[in-house]
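What you see is a predicted model; the values in this text were computed from it and never measured.
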Amino acid sequence: MSRQQAVCAPSRVSFLTGRRPETTRLFDFNSYWRTHAGNYSTLPQYFKEHGYVTMSVGKVFHPGISSNHSDDYPLSWSIPPYHPSSEKYENTKTCKGEDGEFHANLVCPVDVSEVPEGTLPDIQSTEEAIKLLKSVKQQNSSFFLAVGYHKPHIPFRFPKEFLKLYPIENISLAPDPYIPKKLPLVAYNPWADIRKRDDVQTLNISFPYGPIPEDFQLLIRQSYYASVSYLDDQIGQLLNALEGLGLSNDTIIVFASDHGWSLGEHGEWAKYSNFDVATRVPLIFYVPGMTNNYKPQQSVFRYIDPFNSDLQKKQPGKSVELPVELVSLFSTITDLAKLPALPTCPQHSFHIELCTEGRSIAKHLYTLEDTQFDLTLAVAYSSYPRPSSSPQWNSDLPDLKDITIMGYSMRTMDFRYTVWVGYNPVTFQDNFDEIYGHELYLVKSDPNQDNNLYNHSVHFDIYEKNFL
């Protein structure tokens, strides 16, 4: 599954409206699509208009200007969206260091009993989501519940006991921790947000290419894995509660993320690129009677304690390795719920409130076999903006006014191709006569995308001496 841009707000607005960033005109965090681009309907809004109680918990829309400082309430939601009270401490000095002082660190395992309010945002979100499920169960309401968990978003602030699952001696570096020699300069992500954290600043890493010391790379990777297991545990508790309320036999469940995250691959960290590691996300569907072979009396979502050494693996689901896109979520979920199908957007749809730029993939859930897919249509597109042809402090997340280059990328079963072209942020026009770089990777022979086969780019060969 590919998202359309590897950063929070543009990705979320894209899949919640079913429009690509080129149509939402949101490439940063600083505009509200309804006033900046078009009054597009959203996925929860569509369900609300068809009689569902729609509820938002945690980070669903990105907070701030990009959702009108309201998470698009009341247009998208039946009740005010819930945000955990402990969320305000996520980026404050709550990480105890070896010096006994508190810091705003990247790596931040905590004793939950010692943090402000004695809880963490995702724990609160799970508790609130369960309360809402009990409420709609009591009211016998059709519901659409979106639960947005924070982790594994930075900082890696999670209950420290999850480190036990990943002993540091078992952690390895990324398989390709060096900047590819033929990577166009414009494609490199200098991970500026990581550098701002207190623990990273103490490492005195040179900008923009200086590598993170290997021992700290291992700590980052360990903390990311622990954060994911912490998230997995919260989801397990939520799904177990859903089943306990008798709702699992008639509730469609979709699990996805807004972007991937580099863990040292290509010498990069965080998101902010067009590589698979930044654009690829999980996409999991549970559709009663369609995606599972369980009998009604069988437990589907039994909670599994991650610290129990006698873990019993559950029956695995079916999976298909094919490129699809998050922009298809709106139309797919609509189809699965048997609501009226969304019309396909024309080439220019700024004036159309309800349509989709993503094809529904619901029919493919009936027969999860590769042979049932039209591989000629199995293409996922993404894009990423840059302010300059070489890495700058704002290369990761440039404001719209500073964007001068756009990287357009397509991923098929066989290759990823990216072209970096000139871009005008006032007219929203690209210029393919102004080329800053090309990338071409054959993913079967080069799955990590390290060997750029396109040979007409200004690339990292000129910096080779810095990395040998």
Problem set entry | Whether F275 and H266 hold their rings parallel, tilted or perpendicular, with breakpoints at 30° and 60° | parallel
For this session: Return the set of residues passing salt bridge (charged side-chain N to carboxylate O under 4.0 Å, His left out) with K88 (not counting sequence neighbours), or none when no residue passes.
Result: E117
Problem set entry | Residues that T356 engages under side-chain contact (heavy atoms from CB on, under 4.5 Å), provided they are two or more places apart | S331, L342
Exercise. Is E325 salt-bridged to R20, cutoff N-O under 4.0 Å?
Worked result: yes
Can you give me every donor-acceptor pair (side chain of residues 168-177, partner residue at least two apart or in another chain, under 3.5 Å) with its distance?
none

Problem set entry | Residue list, side chain to side chain donor-acceptor pair (under 3.5 Å) with E357, at least two apart or on another chain | T23
Exercise. Which residues satisfy the side chain to side chain donor-acceptor pair (under 3.5 Å) test with Y89, sequence neighbours excluded?
Worked result: none
For this session: Determine, for D111 against K96, whether the closest basic-nitrogen to carboxylate-oxygen distance falls under 4.0 angstrom.
Result: no
Exercise. Any salt bridge between E321 and R280, counting N to O under 4.0 Å?
Worked result: yes
For this session: Could you tell me whether the side chain of F156 reaches within less than 4.5 Å of the side chain of Y224, counting heavy atoms only?
Result: yes
List, one per line, each side-chain donor-acceptor pair under 3.5 Å for residues 400-409, sequence neighbours excluded.
{"from": "T404", "atom 1": "OG1", "to": "P387", "atom 2": "O", "distance (Å)": "2.9"}
{"from": "Y408", "atom 1": "OH", "to": "D430", "atom 2": "OD2", "distance (Å)": "2.9"}
{"from": "S409", "atom 1": "OG", "to": "R416", "atom 2": "NH1", "distance (Å)": "2.7"}
{"from": "S409", "atom 1": "OG", "to": "Y417", "atom 2": "O", "distance (Å)": "3.4"}
{"from": "S409", "atom 1": "OG", "to": "T418", "atom 2": "OG1", "distance (Å)": "2.7"}

For this session: Determine whether K160 and E114 make a side-chain contact, defined as any pair of heavy atoms from C-beta on separated by less than 4.5 Å.
Result: no
